[in-house]
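Letters go in sequence order (proteins before strands), and every chain restarts at 1. If you're wondering where the values come from, they're calculated on a predicted model, not measured in any experiment.
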Amino acid sequence: MSDPLIEMRGIVKTYPGVRALDGVDFTLHHGEVHALVGENGAGKSTLIRILTGAERRDAGRVLLEGSPIEPHTPVQAQRLGIATVYQEVNLVPDLSVAENIMLGREPRKAWGAIDRRAMDRRAEQVASGLGLHVDVTQPLRSCSIAVQQMVAVARAVDQKARALVLDEPTSSLDAGETEQLFALVRRLRGQGLGIVFITHFLEQVYEISDRITILRGGRCVGTHVADDLPRLALVSLMLGKAAEAAATRERGAGEVAPTAPRRLEARGLWRRGAVGPLDLTLRAGEVLGFAGLLGSGRSETVRLLFGVDVRSGGSLVINNRPIARHSPRRAIAAGMALAPEDRRAAGLVPELSVRENIMLAFQGARGWARRLGGREQNALAAKFVQALSISTPDLEKPVGQLSGGNQQKVILARWLLMEPGILLLDEPTRGIDIGAKQQIESLVDDLRAKGMAIIFISGELEEVVRVSQRIVVLRDRRAVAELTGADRHVHTVMQHIAGETGGKHV
Amino acid sequence: MTAALRRNWPLLGTALVLVVLYAAASLAFPGFASLYQFAHLFDDNATLGLAAVGMTFVILSGGIDLSVGAVIALASMVLALLMKDGGWSIWAAVPAVLAMGAALGACMGAIIHVFRLPPFLVTLAGMFLARGAALLLTPDKRIEMSSKAEIESLSSVLIQNFNLPAMVFLAAVALAWAALRFTRFGRTVYAIGSDESAARLMGLPTASTRIGIYAISALCATAGGIVQVIGTGAGDASAALLLELDAIAAVVIGGTVLAGGRGSVIGTLLGVLILAIITAIPSYHGTLNSWWTKIAIGLLLLVFVLLQRLSQRWAAGKT
Amino acid sequence: KSTQSAADQNGPGKSRLVVGFSQIGAESSWRTAETNSIRSEADSRGIELKFSDAQGKQENQVKAITAFIAQKVDAIILAPKVETGWEPSLKAARAAGIPVILVDRGVQVADDTLYATLIASDFVAEGRMAAEWLAKKLEGKGNIVELQGTPGSAPAIDRKKGFEQGIAAYEGLKITRSQTGEFARQTGKEVMEAFLKSAPGEIDAVYAHNDDMALGAIQAIEEAGLRPGTDIIVVSIDGVRDAFDAMVAGKLNCTVECNPLLGPLAFDAVEKAVAGETLPKWTVVEDRVYDQSVAAEVIDSRKY
Amino acid sequence: MSSTLRQLIWPLAALALLLGFNAAFHPSFFHFQIHDGRLSGSIIDVLNQGAPVLLLALGMTLVIGTGGIDLSVGAIMAVAGAVAAAALREHAPVALAIAAALGAGAAAGVWNGSLVTLAGIPPIIATLILMVAGRGVAQLITHGETLLIKSDSAFNVIGRGVILGVPVPILIFLAAALGLSILVRLTALGLFIEAIGGNEQASRYAGVRVGPIRLAVYLLMGVLAAAAGLIDAADIAAADANNSGLYLELDAILAVVIGGTALTGGRFTLLGSIIGAIIIQTLSTTILSFGRNMPVELNLVIKAAVVLVVCLLQSSELRRLLTRTWRRSQ
Ligand SMILES: Nc1ncnc2c1ncn2[C@@H]1O[C@H](COP(=O)(O)OP(=O)(O)OP(=O)(O)O)[C@@H](O)[C@H]1O
Ligand SMILES: Nc1ncnc2c1ncn2[C@@H]1O[C@H](COP(=O)(O)OP(=O)(O)OP(=O)(O)O)[C@@H](O)[C@H]1O
Ligand SMILES: [Mg+2]
Ligand SMILES: [Mg+2]
């Protein structure tokens with residue numbers, strides 16, 4: 001057998017206070033899709049960053065087709081044939097789509113000037129080859145995240161790569177787009193590329209990958225052929241314990257009594273160019289799920305409810321109090337909380353500590369003059385760090401240095417501390433490992449049982465169905481259906497999302 | 001077509017304001033619309049214009065360069081010193097001074113890049129250094145050389161009221177435009193300003209580009225200093241005090257976003273002309289005390305920035 | 001006459017003279033007095049004055065001259081910030097047939113027909129007068145510290161030169177320290193503080209290139225526990241109102257007047273130049289020495 | 001606490017180096033004497049003359065903490081001095097003159113803050129407007145002249161007075177520093193400033209009053225700048241609209257950065273900025289006290305070197321590079 005495409009041996013990487021990788025081995029063959037899975041903070045992204053030269057290893061060897069390589073920068077890795085799409089989209093939003101695909105490899109005229117027309121043409125070809133039909137001259141920032149993600153793949157693919165690394169490429173793609181991407185991945189595999197694929201969606205792992213490597217706590221706990229590894233076994237490898245609960249969770253409890261107090265009521269709520277008009281009622285002790293395709297307006301709806309965006313019309317009543325001029329502060333004062341979808345941009349203050357991030361909203365509501373004492377802060381923060389099992393060495397660690405899942409939990413802690421009557425959760429489980437996901441789901445259940453009213457958004461239909469009593473389906477920025485009781489089936493929801501329900505729209 | 005229009009809206013807005021300002025001044029003040037005054041908008045502001053062209057690169061990359069005024073002064077002193085005391089010919093002295101300026105800028109760029117220090121600080125240090133060096137060069141802080149025949153012959157070049165400084169300025173604008181639009185270097189400048197870590201991960205040469213950006217800025221400032229010597233026949237260590245702020249204002253008025261990534265050197269040209277008109281108006285008005293001039297410039301800057309904000313919001317609302 | 005049409009445009013019906021005045025700035029009370037003198041003189045003669053303040057920058061003065069030429073004014077009064085760099089502007093003015101009258105400082109040009117006349121004090125003479133007064137006061141012996149004006153400016157260079165010429169005759173007089181106080185009160189004070197610290201008890205007199213710096217130095221002396229005017233003699237140049245106040249209070253010993261009231265002289269020159277007369281290249285403004293003995297008498301007659 | 005100390009170690013080292021230099025070459029630098037019941041000596045001078053920059057640096061720390069910057073503080077100083085002198089000339093009581101000046105500073109701060117928060121103009125441009133126009137306003141008030149304050153006016157105590165042997169400017173600075181430290185750390189203001197500087201959008205989502213806090217910070221800055229302007233005017237018993245506070249904004253910003261607060265906002269340290277300002281003032285005093293052997297312009301060059309060195313020492317990148325070469329050489 002010929003040399004494997006990539007071989008990593010005994011990779012070690014320590015950050016101040018954390019051993020992110022501890023002697024990890026990883027092998028990628030030609031023409032395989034190799035999934036890399038593990039809980040949040042297991043070290044997946046770190047391993048990838050070392051492979052692609054974005055980070056230096058402390059120890060270990062990396063071999064490319066048998067010969068040792070030492071890429072110091074992503075460029076060097078790229079020259080060696082290792083192309084990467086990073087976890088957070090890494091493109092240049094102000095330049096055009098075409099430039100983002102071609103930057104660094106632009107076709108040039110005889111005297112060195114960039115041939116912009118040829119560049120646009122070439123980019124157009126590459127994009128449409130991947131089934132991406134966009135105006136390549138528009139600035140990337142005017143494209144949706146999904147399109148941006150596809151552009152990133154297009155860029156990587158167009159570089160004569162031998163190995164392609166995809167770090168959570170699907171976390172913001174909808175089913176159709178994911179399928180498109182997978183078709184592309186299969187095609188590339190057929191051409192002999194080795195593909196490393198990182199995701200938290202187990203379905204996708206099984207759908208696309210040939211082999212699976214599992215990381216846990218910075219160590220490699222096994223590499224298996226996908227077909228030989230039952231899901232349950234995979235999950236228990238990831239978690240390090242038998243995790244039957246993950247597979248066997250029951251669908252959420254039944255309907256809420258119509259007599260339960262109304263926590264939130266929206267009538268004809270809309271925002272120009274964004275969502276609505278929308279009628280919505282949310283009662284104490286229920287979880288209302290939002291289902292819909294990417295861009296269907298779920299996030300915009302909760303942003304409108306929380307007062308981040310200004311509404312163009314309609315009325316909103318929170319806890320029986322009509323809200324005229326809305327803002328996040330008013331929403332919070334009325335007992336509402338929002339864990340936003342984009343936690344890096346809208347959730348965390350990365351350089352502040354875990355404690356400070358947890359206390360921020362609480363202190364914000366108290367005002368600047370009434371600072372909570374240091375001891376109380378520590379006690380409260382510690383309580384929630386424990387309750388949500390946030391893994392951090394201490395309360396003073398800058399939150400930016402935690403892994404994605406733990407960051408999400410810090411935001412949840414911030415809001416749970418406020419004991420809100422209404423909790424808006426926008427993709428709280430995105431990019432989060434199975435264990436944490438399960439914790440969050442059962443947390444939602446507990447909170448509901450205690451009488452909280454919750455709106456829950458997730459890209460994963462099964463999850464929405466699992467946790468919600470009622471599901472509102474959004475399509476093209478409007479609510480098109482409301483499903484309760486036995487209608488809450490993945491299949492029914494999908495039919496509504498697809499608009500195949502015989503035209504009876506709500 | 002409309003998409004292209006919308007994308008270029010900030011630039012069009014600036015152009016519109018410029019036209020309105022020019023028309024209003026021409027109507028209000030006799031003589032303002034003359035070709036003579038028009039040409040001198042470029043002539044008299046060539047040094048500022050050159051500095052602003054260099055500043056455009058820096059701001060597009062998300063940085064800032066506070067050293068340009070001091071570099072102008074240093075360049076003018078060194079040029080005068082080389083020619084007067086060193087007896088160099090202008091054809092030897094100019095390239096030498098340009099090389100010195102570019103090297104100084106490159107050093108700042110390298111420090112900014114390698115040590116990840118904020119440009120504001122590094123160039124502030126550069127400003128102190130260059131200004132200090134210029135002042136220390138001679139006890140008189142000024143080197144007169146108007147009698148030099150070479151300088152005189154250059155300062156009397158005139159084409160249609162446009163003199164050499166104006167031509168150098170316009171040539172720099174044209175070069176910068178082409179460089180930003182049609183070279184990899186130029187596109188990398190935008191990429192760095194838009195998202196530096198992305199640019200790095202995309203394999204773009206961020207180090208050499210960043211160094212190049214600051215070298216270009218200092219190079220333009222140096223050219224500004226040379227042009228100043230040609231225009232005034234002297235090296236002046238206290239020339240161009242705080243000129244960097246005018247240059248930044250011109251770039252921002254020209255629609256280039258301070259955060260980087262968006263803007264153009266054409267906008268900068270328009271911005272320089274707007275500032276030029278604003279500073280010319282008091283001489284036409286003729287009764288403003290200096291304090292009123294300062295207040296008026298401040299207010300005009302305010303009005304301008306507010307208009308620009310409004311137009312940005314309007315454009316954002318449209319998309 | 002070529003300027004006739006422009007004058008018609010500017011003044012409806014009658015042909016008022018239009019004169020552009022490019023002033024350096026308003027950095028000292030001396031300069032403000034000069035500005036006011038020129039403005040009020042223009043008013044009283046019915047001349048329309050286009051006033052432009054360059055805020056201390058030669059670039060702005062060049063722009064102002066451009067604007068004056070484009071407006072086709074009848075004459076330009078220029079108080080040049082520095083001596084060089086005026087050739088292109090002056091040539092353009094001459095090409096447009098506009099005479100230029102320089103006030104308070106000269107320019108260096110190869111061709112002195114580029115300007116009509118210079119109306120200014122003799123800075124070298126001022127420095128010399130200050131030196132002579134001080135030599136007499138100190139009886140030819142003592143350590144002097146000097147607060148220089150803005151480096152490179154004509155008054156700073158000439159007042160230093162004149163003073164050095166003046167004390168050269170006295171072997172006992174020495175300038176022990178000399179540093180720039182930028183013509184500013186605060187800087188003058190700071191530099192004087194440093195002088196007092198570094199050479200305590202060794203300073204007999206202060207020579208300041210302008211009154212503002214002298215007033216700063218006086219405060220520094222007082223804060224060091226000494227009596228200005230008695231323990232340390234203070235001499236300066238300009239003769240602004242504040243200086244006379246300080247002399248009456250006994251804190252300043254002497255100031256050499258540098259007359260800023262150039263308005264009448266300037267507009268006499270303007271009118272002659274517009275009429276086509278030739279003028280002397282330098283109209284010297286007469287300056288006087290004032291000391292404590294006369295300060296109280298003349299203080300009420302001071303206009304600035 | 002130890003992390004604060006680690007943050008301050010390099011600025012402190014730079015200050016120690018500077019003082020060491022003085023000790024070696026200029027021993028009288030450390031002499032103290034009591035003169036007419038007034039403590040004097042170079043160290044006292046540093047603090048006394050540095051009081052305006054120290055006050056500016058305090059405010060600038062907060063402004064930079066929110067991710068902003070204020071270029072207009074020098075101009076605000078000039079306005080405040082002019083207002084006070086003009087009021088005194090109209091025979092206003094001293095207290096009223098001071099209040100008017102501080103009020104003018106507050107108004108200037110609100111102006112800046114409004115441009116930043118309400119109009120959304122980037123701080124560097126928003127404050128550039130007042131930097132240009134403010135000096136004009138000051139000149140408008142003084143009519144371009146240097147407005148004298150009667151040398152026996154009680155007002156001048158602010159600049160020259162002595163209480164218990166300590167010059168009043170130093171006392172004003174100490175009071176401001178103490179007051180501000182309390183305000184920032186014993187209330188939640190510090191947390192909010194750091195949150196806004198760290199991530200404005202997230203702060204807004206968390207219900208922090210971003211606008212009012214920004215505004216308050218610029219207002220505080222304005223008042224502190226006015227106080228600095230009052231000291232400056234009282235020091236020379238005159239309001240000099242042209243020169244008061246000229247270029248001091250740059251010194252203040254430098255002080256903050258040398259002290260270890262990042263220009264990008266977020267984490268800030270008042271103590272660091274104080275050390276930074278003292279470093280800057282010590283530099284000028286050192287050079288001035290060397291007299292004619294050292295041209296004043298050298299100050300600029302040395303300042304440049306200090307800025308670079310301190311920033312480099314604080315740069316984690318340099319430390320990374322150094323450890324790597326060190327490890328390689330092993
Ligand atoms: N720059 C850094 N500084 C300090 N610690 C870091 C840094 N980057 C990562 N870590 C730590 O290294 C560990 C591994 O992080 P990594 O990002 O590789 O996890 P991951 O498996 O990709 O998780 P996720 O699924 O949440 O993305 C985590 O404990 C994280 O806190
Ligand atoms: N694929 C897409 N094509 C075009 N526009 C899109 C796309 N995806 C998102 N958008 C735009 O982004 C806006 C925000 O969508 P929003 O985030 O509310 O949707 P969502 O249902 O919450 O999706 P997500 O799953 O990403 O959170 C939409 O109004 C839409 O204009
Ligand atoms: Mg990751
Ligand atoms: Mg969403």
Side-chain angles (χ1 to χ4, degrees), chain B residues 64 66-67 70 108 111-122 124-137 139 141 237 241-242 245-246 248-249 251-253 257-259 288-306 308-310 312-313, chain D residues 69 71-72 75 111 115 119-126 128-144 241-242 246-247 250 253-254 257-258 262-264 295-321:
Chain B
I64 201 151
L66 297 182
S67 72
M108 290 191 285
I111 293 175
I112 290 168
H113 189 85
V114 174
F115 301 111
R116 314 240 150 256
L117 292 179
F120 190 97
L121 286 181
V122 176
L124 189 58
M127 166 193 183
F128 287 138
L129 189 74
R131 183 69 69 183
L135 287 168
L136 286 170
L137 273 180
K141 324 295 177 205
L241 270 181
L242 294 188
L245 295 179
D246 290 337
I248 293 168
V251 173
V252 170
I253 287 176
V257 180
L258 260 186
L288 294 175
N289 266 317
S290 80
W291 43 90
W292 286 118
T293 320
K294 283 178 187 157
I295 294 172
I297 291 178
L299 286 180
L300 277 167
L301 197 58
L302 170 71
V303 168
F304 203 86
V305 177
L306 284 179
Q308 204 179 18
R309 285 292 305 167
L310 281 180
Q312 271 169 11
R313 283 200 190 157
Chain D
I69 200 153
L71 296 180
S72 70
W111 163 271
L115 288 186
I121 301 174
I124 195 169
I125 297 295
L128 179 63
I129 292 170
L130 195 58
M131 181 188 190
V132 176
R135 217 161 269 286
V137 172
Q139 287 170 330
L140 176 68
I141 296 169
T142 64
H143 289 280
N242 292 299
L246 201 60
Y247 308 133
L250 294 180
I253 294 167
L254 272 189
V257 174
I258 290 178
L263 270 182
T264 43
V296 216
E297 290 79 27
L298 206 56
N299 198 352
L300 288 174
V301 177
I302 297 181
K303 229 192 241 177
V306 170
V307 176
L308 268 187
V309 170
V310 175
C311 289
L312 282 178
L313 287 175
Q314 288 171 353
S315 137
S316 50
E317 202 60 27
L318 178 72
R319 235 166 292 153
R320 214 173 54 79
L321 291 178

query: Which residues pass the side-chain contact (heavy atoms from CB on, under 4.5 Å) test with Leu136(B), sequence neighbours left out?
result: Pro295(D), Glu297(D), Leu298(D), Val301(D)
field: Interface moiety of Val132(D) toward chain B, non-hydrogen atoms closer than 4.5 Å
entry: both
message: Using heavy-atom distances under 4.5 Å, tell me whether Leu71(D) contacts chain B through its side chain, its backbone, both, or neither.
response: side chain
To the nearest 0.5 Å, tell me how far [X] [atom1] sits from [Y] [atom2].
| X | Y | atom1 | atom2 | result |
| --- | --- | --- | --- | --- |
| Asn299(D) | Phe128(B) | CG | CZ | 9.0 Å |
| Leu246(D) | Leu242(B) | CG | CG | 7.5 Å |
| Leu318(D) | Ile111(B) | CG | CD1 | 11.0 Å |

message: Could you walk me through whether Phe120(B) and Val257(D) satisfy the side chain to side chain contact (heavy atoms under 4.5 Å, CB included) test, starting with their C-alpha distance in whole Å, then the side-chain angles of each, then the deciding distance to 0.1 Å, before giving a yes or no?
response: CA-CA 10 Å; Phe120(B) 190 97; Val257(D) 174; over 6 Å; no
- request: Under 4.5 Å, counting heavy-atom pairs only, tell me which of Leu121(B), Ile64(B), Leu129(B) racks up the most with chain D.
  value: Leu121(B)
- request: Report the residue from Leu258(B), Leu245(B), Val252(B) that forms a side chain to side chain contact (heavy atoms under 4.5 Å, CB included) with Ile124(D).
  value: Leu258(B)
query: Given that the side chain runs from C-beta out, which part of Ile295(B) has a heavy atom under 4.5 Å from chain D: side chain, backbone, both or neither?
result: both
statement: Most heavy-atom pairs under 4.5 Å with chain B, out of Ile125(D), Leu300(D), Leu312(D), belong to Leu300(D)
task: Name the option with the most non-hydrogen atom pairs under 4.5 Å to chain B; the candidates are Leu130(D), Ile121(D), Val306(D), Val307(D).
output: Ile121(D)
- prompt: What are the two closest non-hydrogen atoms of Leu302(B) and Ile129(D), and how far apart are they?
  reply: CA-CD1, 3.5 Å
task: Measure across Ala125(B) and Ala304(D) and return the closest heavy-atom pair with its distance rounded to 0.1 Å.
output: O-CB, 3.2 Å
message: Are Phe115(B) and Leu321(D) packed together at the side-chain level, in the sense that at least one heavy-atom pair is separated by less than 4.5 angstrom?
response: yes
